[in-house]
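Residue numbers begin at 1 in each chain, while the letters A, B, ... track the order of the sequences.
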2 protein chains.
Amino acid sequence: MDAASEALVTRLLAGERRALAKAITLAESTRADHRAQADALLQAVLPQTGKALRLGISGVPGVGKSTFVEALGLWLIARGHRVAVLAVDPSSSVTGGSILGDKTRMEGLSQRIEAYIRPSPSSGSLGGVAERTREAMLLCEAAGFDVVIVETVGVGQSETTVAGMTDLFCLLQLPNAGDDLQAIKKGVIELADLIVINKTDIDPNAAALAQGQIRSALTMLRPQNAAWTPPVLTLSALRQEGVASFWETVERYRDTMQASGDFEVKRRAQAVAWMWALIESGLKARFDAHPAVRAALGTLSEAVERGDTTPGAAAGELLRRAAQ
Amino acid sequence: MDAASEALVTRLLAGERRALAKAITLAESTRADHRAQADALLQAVLPQTGKALRLGISGVPGVGKSTFVEALGLWLIARGHRVAVLAVDPSSSVTGGSILGDKTRMEGLSQRIEAYIRPSPSSGSLGGVAERTREAMLLCEAAGFDVVIVETVGVGQSETTVAGMTDLFCLLQLPNAGDDLQAIKKGVIELADLIVINKTDIDPNAAALAQGQIRSALTMLRPQNAAWTPPVLTLSALRQEGVASFWETVERYRDTMQASGDFEVKRRAQAVAWMWALIESGLKARFDAHPAVRAALGTLSEAVERGDTTPGAAAGELLRRAAQ
């Protein structure tokens, strides 16, 4: 490691915001030399990571995620925590926008020295976005942030991805019934360790009704973990009501999971699953880039489409070429 | 191709049952020489495949799948069709049993020369079972069966797999409400082109209620295809009531999809997706078998679990070794 990188490590571990921003930018870069620097940096700070509580937050657009994260973040800072907010949004490269892109959505939090807000990397595929976000999470932990919030929108597999990188996955719901069905349908409720019905200020009765419906749906779905049944809370992020009770539940979850040993088991399994995801995408990328594969892929793929050859024969031929 | 293989092709294309059974056994074998024979055989008969209607059937245990397939099969045979029945059951190698393993469950159908019933291959992984079943499907088509029914139980991803190899995926439901929620939760209803509530003989009112509930749930879920909204039928397989109406709906589906061009588009996409699934499992198998990978995988995997190295660094090292 060169002197500049060593200085960056020192500044990062001292919690310097500019060093953190630079380290994340290196990790997000597609340049090979930046990638190598980022790998060395991550390896150097690795012993200082893993101490934060990792909180995943999801919910449909309009459910009030930003308002909730702002309310929670300010509440945590007032109690001595340092809060990093990251995002996983694979659609940001398509739409040009990004969740968290507009910091004015978290105006209070973004002005605090105890908070660090970083928008979703816009590198395209969910796998790429997820890898960059995981690395950013480790860097934030090395910089001393003790709560890392990873926000996502309900696009495709992004919820599964965020649940796979956090200790506790929280689903935000609107106080109405149709929303449940969507969440049940997509299997998101099964991922949730905690469900929060936001915007109870609009209609407290509807919120209580939704709470009952989700609780009854949960009894029909198998719980993820024997030691923990996902609670269903109600709150109003706008009025900052229910935040203390939310955090109390998060801490109870952490304590329960740590006592049973499941907390550490989950983190270890997440790290190994991440390694395998990187291996699979690496193998696929290498296959796609292989000259002998590229030379034949179009023709063979068309032959399979037309029914001139079997998928098995075409796959076999391409695999032989990839091994050359 | 040797003389014995050529004779097998001739007998298979003539519709000889023993030739079909032998061809499927070759395709299911793990021996490399059998595998090569099966590949040559499939390539030779490929022009004679693709003419059957491929029908996927799923539903929880006890929903009456066997009774339904028996009733439908006999009804089709009486109208001049030849019916092959295959199964995808990745759990069969674990439980020792297999759906369709007991032919007495389809006593009438199994005695008919116009029917061919083959239990699920018990090769372990879903990918392996699916590949063998797809090949068996092509062989049945080459032998002149014009309706191929692929049955599965609701285990893990098996429904997605069967929906991915058939023209029409039909979900059988019991006439009660709790069943819906499970199907919605698992996203199976989204896969279904047709939903059938069986056992209406037990309680016609409950069946009508379930029919209404599923229809209303369907309006909240996006349809898969713009040209087709999945109908919800009721029938009693035991009393053989509703079978004609079921088949009429299947034919209407096929005609609609063929008219819009979606039928062919779906088949082509299925074939290409199958090729890619084979490529990915082939790349993974080659990686797992690489001596330099095997020598380091245990140590690196444990280092990732302990947090001594990052998943990225470990994956990078293993990928470098795999390229040696």
Side-chain angles (χ1 to χ4, degrees), chain A residues 27 35 38-40 42-43 46-47 49-50 131 134-135 138 178 181-187 189-190 217 220-221 267-287 293 300-302 304-316 318-319 322-323, chain B residues 27 35 38-40 42-43 46-47 49-50 131 134-135 138 178 181-182 184-187 189-190 217 220-221 264 267-287 293 300-302 304-316 318-319 322-323:
Chain A
R35 183 70 254 154
D39 284 343
L42 281 162
Q43 196 64 41
L46 198 60
T49 65
E131 191 185 346
R134 283 182 194 269
E135 291 175 347
L138 296 183
L181 189 62
Q182 288 298 323
I184 294 171
K185 183 198 82 177
K186 292 173 58 200
I189 277 197
E190 274 210 308
M220 301 186 71
L221 307 171
R267 281 208 170 171
R268 285 171 173 241
Q270 286 177 340
V272 173
W274 178 13
M275 179 187 82
W276 279 108
L278 291 171
I279 289 171
E280 279 171 24
S281 68
L283 291 174
K284 179 67 168 44
R286 190 177 284 168
F287 177 87
V293 169
L300 282 169
S301 189
E302 281 162 26
V304 167
E305 276 203 50
R306 280 195 311 270
D308 290 345
T309 191
T310 61
L318 289 166
L319 286 167
Chain B
R35 183 70 254 154
D39 284 344
L42 281 162
Q43 197 64 40
L46 199 60
T49 66
E131 191 186 346
R134 283 181 195 268
E135 291 175 349
L138 296 182
L181 188 62
Q182 287 299 320
I184 293 170
K185 181 198 84 177
K186 292 172 59 202
I189 277 196
E190 274 209 310
M220 300 186 72
L221 307 171
E264 194 53 31
R267 279 207 173 172
R268 285 169 174 242
Q270 285 177 340
V272 173
W274 179 14
M275 180 187 82
W276 278 108
L278 291 171
I279 288 170
E280 279 172 24
S281 67
L283 290 173
K284 179 66 166 45
R286 191 178 283 168
F287 177 86
V293 169
L300 282 169
S301 188
E302 280 162 28
V304 168
E305 276 203 50
R306 279 195 311 269
D308 290 345
T309 193
T310 62
L318 289 166
L319 287 166

Between A:L318, A:L138, A:V304, the one whose heavy-atom pairs under 4.5 Å with chain B are most numerous: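 Heavy-atom pairs under 4.5 Å are most numerous for A:V304.
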
Winner by heavy-atom pair count (cut-off under 4.5 Å) against chain B, out of A:D39, A:L42, A:T309: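 Most pairs with chain B among the choices: A:T309.
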
Value rounded to 0.5 Å, distance of CD in B:E305 from CD in A:Q270: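 Going from the CD atom of B:E305 to the CD atom of A:Q270 covers 12.0 Å.
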
Spatial distance of atom OG1 (B:T310) from atom CE (A:M275) [nearest 0.5 Å]: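 Reported value, rounded in 0.5 Å steps: 11.0 Å.
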
Within-4.5 Å side-chain heavy-atom neighbours: A:R268 and B:R306: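 Heavy-atom side-chain distance check passes, below 4.5 Å.
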
Residue pair B:V272 / A:S301, side-chain heavy-atom distance below 4.5 Å: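 B:V272 reaches A:S301 side chain to side chain.
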
Enumerate donor-acceptor pairs with a distance under 3.5 Å from any side-chain N or O in residues 276-287 of chain B to protein atoms, sequence neighbours excluded.
residue: B:S281; atom: OG; partner: B:A277; partner atom: O; Å: 3.3
residue: B:S281; atom: OG; partner: B:L278; partner atom: O; Å: 3.2
residue: B:K284; atom: NZ; partner: B:D288; partner atom: OD1; Å: 3.4
residue: B:K284; atom: NZ; partner: B:D288; partner atom: OD2; Å: 3.0
residue: B:R286; atom: NH1; partner: A:L319; partner atom: O; Å: 3.0
residue: B:R286; atom: NH2; partner: A:L319; partner atom: O; Å: 2.8

Chain B contact via A:A323 - side chain, backbone, both or neither, heavy atoms under 4.5 Å: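 The answer is both parts of A:A323.
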
Proximal component of A:A271, with respect to chain B [non-hydrogen, under 4.5 Å]: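 When you check distances to chain B, atoms from both the backbone and side chain of A:A271 fall under 4.5 Å.
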
Region of B:A322 that comes under 4.5 Å of a non-hydrogen atom in chain A: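 Answer is both: backbone and side chain atoms of B:A322 are under 4.5 Å from chain A.
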
